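Structure first, commentary second.
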Amino acid sequence: QVQLAESGGGLVQAGGSLTLSCAASENIFRLNAMGWYRQAPGKQREWVATRPQFGSRTYADSVKGRFTVSVDSAKNTMYLQMNNLRPEDTAVYYCNAEQRSSNYWGQGTQVTVSS
């Protein structure tokens, strides 16, 4: 069982930046992939970005060029750097990890962007 803990959410003005963190309970190189999702009020959860164990990172069109995924393997932590935030980025952001055929989720962290 992989445990994930997000942090770093908060309130920011439009145009501002935030960095989210996702700490994993085990070596991230044992995970097939890690990613970020978000869920806005009244909407379905949507994919934001994926960092596969091998291959390129991918991003949703709505965040491409503004959000960047990175990892610190020594800390087993994945980050989501969010720049030029927009009010439509307001959502609860969730960290996801895939290991073999299982999916794991964090508890989520709220990001609110004011106009």
Side-chain angles (χ1 to χ4, degrees):
Q1 185 106 8
V2 179
Q3 295 181 335
L4 304 170
E6 302 99 332
S7 61
L11 173 64
V12 64
Q13 287 189 331
S17 298
L18 277 177
T19 300
L20 306 182
S21 300
C22 172
S25 61
E26 67 173 78
N27 189 328
I28 61 174
F29 290 114
R30 293 184 180 180
L31 304 173
N32 295 340
M34 295 184 75
W36 290 96
Y37 289 73
R38 66 186 183 185
Q39 187 167 16
K43 295 187 177 181
Q44 289 189 330
R45 190 173 297 188
E46 66 174 1
W47 168 72
V48 174
T50 296
R51 175 203 170 268
Q53 185 177 6
F54 303 103
S56 302
R57 292 157 199 185
T58 54
Y59 299 90
D61 288 343
S62 58
V63 307
K64 199 172 295 182
R66 300 187 298 123
F67 291 10
T68 303
V69 175
S70 63
V71 297
D72 183 335
S73 57
K75 296 181 178 180
N76 290 325
T77 299
M78 177 178 64
Y79 303 95
L80 183 66
Q81 173 68 44
M82 306 185 293
N83 298 325
N84 192 20
L85 283 161
R86 304 167 180 169
E88 53 264 40
D89 294 319
T90 295
V92 177
Y93 283 72
Y94 296 92
C95 176
N96 171 268
E98 299 175 15
Q99 186 181 53
R100 302 182 186 91
S101 59
S102 297
N103 259 286
Y104 301 95
W105 296 91
Q107 81 286 353
T109 185
Q110 176 72 47
V111 172
T112 303
V113 184
S114 63
S115 57

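Remember, it's a predicted structure, so these values are computed and weren't measured experimentally.
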Q. So with a 6.0 Å cut-off around CD of Q3, is the heavy-atom count from everything else above 12?
A.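 Open: at most 12 neighbouring heavy atoms sit under 6.0 Å from CD of Q3.
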
Q. Can you find a side-chain donor-acceptor pair between Q13 and S114 that sits under 3.5 Å?
A. no

Give a yes or no on whether the backbone of [Y] and the side-chain of [X] come within a donor-acceptor separation of less than 3.5 Å.
X: S25; Y: V2; result: no
X: Q53; Y: F29; result: yes
X: R51; Y: V69; result: no
X: N83; Y: S17; result: no
X: Q107; Y: E6; result: yes

Q.
Run the side-chain contact (heavy atoms from CB on, under 4.5 Å) test on Q99 and Y104 for me, step by step, so that the C-alpha distance in whole Å, both residues' side-chain angles and the decisive distance to 0.1 Å come before the verdict.
A. CA-CA 8 Å; Q99 186 181 53; Y104 301 95; 4.2 Å; yes

Rounded to the nearest 0.5 Å, what separation is found between the [atom1] atom of [X] and the [atom2] atom of [Y]?
X: Q44; Y: R38; atom1: CD; atom2: CZ; value: 14.0 Å
X: L80; Y: Y93; atom1: CG; atom2: OH; value: 7.5 Å
X: Q1; Y: S102; atom1: CD; atom2: OG; value: 8.0 Å
X: N76; Y: L4; atom1: CG; atom2: CG; value: 11.0 Å
X: M78; Y: I28; atom1: CE; atom2: CD1; value: 8.5 Å
X: L31; Y: E98; atom1: CG; atom2: CD; value: 9.5 Å

Q.
Give me each pair satisfying disulfide bond (SG atoms under 2.5 Å apart) with a member in residues 12-115, each pair once, sequence neighbours excluded.
A.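 Disulfide bond (SG atoms under 2.5 Å apart) check on residues 12-115 returns C22-C95.
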
Locate the shortest heavy-atom distance separating [X] from [Y]; write the atom from each residue and the value.
X: A14; Y: S115; value: CB-CA, 4.4 Å
X: R86; Y: S62; value: NH1-O, 3.9 Å
X: Y59; Y: A49; value: CD2-CB, 3.6 Å
X: G8; Y: L18; value: O-CD2, 3.9 Å
X: N96; Y: N103; value: ND2-OD1, 2.9 Å
X: T109; Y: G9; value: OG1-N, 3.1 Å

Q: Hey, could you give me each pair passing salt bridge (charged side-chain N to carboxylate O under 4.0 Å, His left out) that has a residue in residues 60-80? Not counting sequence neighbours.
A: D61-K64, R66-D89

Q) For the hydrophobic clusters of this structure (ILVMFWY residues joined by side-chain heavy atoms under 4.5 Å, transitively), does one cluster hold both V71 and Y37? A)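 Per the 4.5 Å side-chain linkage, V71 and Y37 are not co-clustered.
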
(Q) Are V92 and W47 connected into the same hydrophobic cluster when the rule is that any two of I, L, V, M, F, W, Y join if their side-chain heavy atoms are below 4.5 Å apart? (A) yes

Q | Parallel, tilted or perpendicular: ring planes of W105 versus Y94, cut at 30 and 60 degrees | A | perpendicular

